[in-house]
Engineer: 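There's a structure below that I have some questions on.
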Amino acid sequence: MTKRRSQHWFGGQGKDAFIHRSWMKNNGLPDDAFDGRPVIGICNTFSEFTPCHVHFRGLIEHIKAGVLEAGGLPLEFPVFSCGESNLRPTAMLFRNLASMDVEEAIRGNPMDGVVLMAGCDKTTPSLVMGAASCDLPSIVISGGPMLNGRFQGREIGSGTDVWKFSEDVRAGVMSEQDFANAESAMSRSPGHCMTMGTASTMASMVEALGLALPGNAAYPAVDARRSRIARMTGRRIVEMVNENLRPSAILKKEAFANAIRVNGAIGGSTNAVVHLLAIAGRVGTELTLDDWDRYGRDVPTILDLMPSGRFLMEDFCYAGGIPAVMKEIGDLLDLDVLTVTGKTVRDNIRDAENYNPEVIRPRDKALTPSGGIAVLRGNLAPDGAIIKPSAASPALMKHRGRAVVFEDIDDYKARVDDPALDVDEASIMVLKNCGPKGYPGMAEV
Ligand code: FES
């Protein structure tokens, strides 16, 4: 057997091995921890500023238990945590920085395989990008979505309902007190946003790509099955190291084509486009904007989740999750693609069932017949633009209207409520230079 990577630090005799082992004994590790067993890095994006990950301290204990049970040595390491709700100017600005942090931490430390703990929007792509560049055996465990929001007898979704409530307050049909009460009712458990926003989309994408165990995307953060899958993930990464199963063997073009089709079926976020293109680039798999059109445009959206539809991630879990969706569209997928289970997609979804056809609809009752990402080109977007047809009103699919342009967010805030603003229902409102400006409370330098 070839020498494990970690043994280049911990194996043998002499000064260097002494140094590497001796300092590690600060962790309380016994001598046999360095006997050549797989060293598993657990990449933790815990941060109290990333509220979608506040439960990661508990979740990691299940991963560690799984690694130990399978005969590995689990070692946790922190990386930059780009949480969506707080980080300014925008978490997207830090995705590549975070991926560099992940890549250098993996490359520079004595580990043989990696568990990637992701959840909030940009954490999944940044971790996968960094790990894919290193190409050590890697597996993703998502933190899982929050429980459904519940307010005044009905279910409310992260993000989706905030905009509605805010408009209702402005229109005088919702009181300030109810608005304040809804704040606590929306985020009522640990976990990431429970609509089909970017976090749920990317958790679904890593499962569809074959980088996470089946069922990973939908178990709520507080469901005991989330802890169980964390434990199974810990066990599986040790086996993956022994099998030398690396991301480059999984992230083939066919796997991306599957993910693009699943994205269409779930009505996934348009942000998946930029993230999957970036991940593909890290393993040298050619993937283009046109591939999204080619593979995904005509896939029907069968998952009835907000913001396109009615339900939330907790309902998706009970309906069967991603394995049930992949089974529903199995004829559109390449079922022979290899996954982290060491088995094919076909094997992984063989026993999947759809337990709620209201949530995961039959194809002939699809939410949108052509639900994938559509790539648009024209004089306004010569390099291409994308649209998610399932989230657009039918009336917008072909539309002529006057553009009402705001130069930036300050211009928008100053003019949008002005009764004199020359706008009507056919107008297209355009916000240029969007995104919050600067860092509040910091001195200008
Ligand atoms: Fe973290 Fe939405 S703010 S997933």
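One-based numbering, in listed order, for ligands and for the atoms of each. Counting from 1, the numbers follow the sequence of the chain as shown.
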Engineer: Could Arg236 and Glu243 be called an ion pair, given the rule that one side-chain N must be under 4.0 Å from one carboxylate O?
Structural biologist: yes
Engineer: Side-chain donor-acceptor pair under 3.5 Å between Thr50 and Ser81, yes or no?
Structural biologist: yes
Engineer: Identify the protein heavy atom lying closest to atom 4 (S) of ligand 1, giving its residue, its atom name and the separation to 0.1 Å.
Structural biologist: Asp121 OD1, 3.3 Å
Engineer: In terms of atom number and element, which parts of ligand 1 are under 4.0 angstrom from non-hydrogen atoms of Glu84?
Structural biologist: 3 (S)
Engineer: State plainly whether the residues Lys413 and Asp410 are in salt-bridge range, i.e. N to O under 4.0 Å.
Structural biologist: no
Engineer: Is Glu286 paired with Lys253 through a side-chain N to carboxylate O contact shorter than 4.0 Å?
Structural biologist: no
Engineer: If you measure from the Lys or Arg side-chain nitrogens to the Asp or Glu carboxylate oxygens, is any gap between Arg415 and Asp411 under 4.0 Å?
Structural biologist: yes
Engineer: Would Cys120 count as a contact for atom 2 (Fe) of ligand 1, in the sense that one of its N, O or S atoms lies under 2.8 Å from it?
Structural biologist: no
Engineer: Please list, in number order, the atoms of ligand 1 under 4.0 Å from a heavy atom of His192.
Structural biologist: 4 (S)
Engineer: State, without any angle test, whether Asp336 and Thr344 hold a side-chain donor-acceptor pair at a distance under 3.5 Å.
Structural biologist: no
Engineer: Which is closest to atom 3 (S) of ligand 1 in terms of heavy atoms, Cys52, Pro51, Ala91, Pro145?
Structural biologist: Cys52
Engineer: With atoms numbered from 1 as shown, which atoms in ligand 1 lie under 4.0 angstrom from a non-hydrogen atom of Ala199?
Structural biologist: 4 (S)
Engineer: What protein heavy atom lies closest to atom 2 (Fe) of ligand 1? Include the residue and the distance to one decimal.
Structural biologist: Cys193 SG, 2.1 Å
